[in-house]
Amino acid sequence: MIDKKILQALLKKVETPFYVYDAQIIRENCSKLKNAFSKYYPDTEIHYAVKANNCPEVLRIIKNAGLGVDCSSPFELLISQKTGFKRSAIMYTGNYESPEDLDFALKYAGLINLDDISSFYRIKDLSLPEIVSFRINPGIGKGGFEGITTGGVDAKFGIPYEKALEAYKTAFRSGARRFGIHMMTGSNNLEPLYFAETTDKLMHIAGSIFSSLGVTPEYIDIGGGFGIPYTDDEVPLDIERTAELVCERFKANCSKFKFGNPVLRIEPGRYITGNAGVLVTKVTGKKESYRNYTGVDAGMNTLIRPALYNAFHRMETPFKKRTGHLKTDVCGRICENSDIFCRNIPLPLLDEGDIIVFRDSGAYGSTMSSNYNGRPRPGEIVTDSGKIIYLKERERLEKMVALHYEQDEQKP
Ligand SMILES: Cc1ncc(COP(=O)(O)O)c(C=O)c1O
């Protein structure tokens, strides 16, 4: 929970809604993951998934913790380079990549995971990447919600594993001699065994591909997906056990298929920033309708996870004690009935202007925010040991309006 004194100071300085990230928690999460994996397989490299949270200060913290990045768009590549990540630490994993995306990837990323054989044809027309790596759909996948399940027969990502050998053969015939392999089968998983089993499957797929080609892979990337609890009942992912089980299968398969010591890559997003952030909002209206509603100044435009996946974020009211309860739906101001954070939640009796803090909002919060209904995107603040070290205010209306009409000034 965010420190009350910092929150009070922030509320005097910044208009709600805003996200606050705790640098110490981000650093701790980086070390937990790093220590766990390097203990069982020292050649592990971690690429933080920029899509989870791209706040410049957050990226600097992650860079200083020694992680690389995984990018999914030209914008993410550009900001990663601007943050100071070396090309060799920047990976690109897109899907249905356009020639423009691939051109950016070739320029800024040392590592590229291609989504399909058609992506290979497109990139080859520009230039052959130093290492050819394909994202494989291993036929299985699991995520906290259907929308974040990215492997299996209904997933739009990657090459079905049955077609993977053909893709690598094509790359080989085109002159590629250095290879990697990648998968990302789902997000917010909390069971260590899931990671071990999917790793095992990918290793067997890699085994059959690379033995057929007579080469060994330089890296094997098992993606992200390391989850965090969003409710009191969920048990946190045991990362130590996850690393132990994954590395056990990884090493056993490396010897079985005579791979030597390829780099094991992982791409965590949520695990690094999810529990390090909160969203601070203010009550703007209360209504007794067929149900009780409490409206806040953040909405699905600020934090879309509840509307998109039916995700739940625990709420806290730091300045209101739990005297007198009201069961209420908490909603935003967007003109959609899916703009509801939660139904029927017991909260202290709140007044207009009171603060509600949404927990665990540090991943897929601000990066998924939008200007829908013409609402400004939220501010972002980073604190470190009780000090504010980064502050970006929420978007200014005047700037939004000016940007909207910028096009008018370019004569057709
Ligand atoms: C290719 C890729 N890698 C890594 C991640 C990070 O996932 P997570 O935040 O679940 O660790 C994602 C998330 O969608 C992704 O698409």
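Indexing begins at 1, ligand by ligand and atom by atom, following the structure's order. Values in this document were obtained by computation on a predicted structure and should not be read as measured data.
Distance from atom 10 (O) of ligand 1 to its nearest protein heavy atom, with residue and atom name: Ser187 OG, 2.4 Å. For atom 16 (O) of ligand 1, the nearest non-hydrogen atom of the protein is Lys51 NZ, 3.2 Å.
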Going through the distances and angles, do Val296 and Met315 end up as a side chain to side chain contact (heavy atoms under 4.5 Å, CB included)? CA-CA 12 Å; Val296 295; Met315 281 162 236; over 6 Å; no

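Short contacts between ligand 1 and Arg270, defined as distances under 4.0 Å to a heavy atom of the residue, involve ligand atoms 8 (P), 9 (O), 11 (O). Ligand 1 places these atoms under 4.0 Å from at least one heavy atom of Ala49: 4 (C), 5 (C), 6 (C). Within the listing of ligand 1, atoms 11 (O) sit less than 4.0 angstrom from a heavy atom of Pro268. Against a heavy-atom cut-off of under 4.0 Å, Arg135 is close to the following atoms of ligand 1: 1 (C).
If you look at Phe250 and Tyr40, their ring centroids are not closer than 6.0 Å. Here Tyr390 and Tyr21 keep their ring centres 6.0 angstrom or further from each other. Two rings, from Phe210 and Phe257, have their centers 6.0 Å or more apart.
Counting heavy atoms under 4.0 Å from ligand 1, residue Tyr364 touches it through the side chain alone. With a 4.0 Å heavy-atom cut-off, ligand 1 is reached by the backbone of Glu267 and by its side chain too. Looking at Asp70 against ligand 1, only its side chain comes within 4.0 Å, counting heavy atoms.
Classification of the Tyr230-His313 ring pair by plane angle, with boundaries at 30° and 60°, yields perpendicular.
For Arg314 and Phe358, the positive end is not near the middle of the six-membered ring at less than 6.0 Å and at most 45° from its axis.
Polar contact with ligand 1: present for Gly269 (N/O pair, distance under 3.5 Å).
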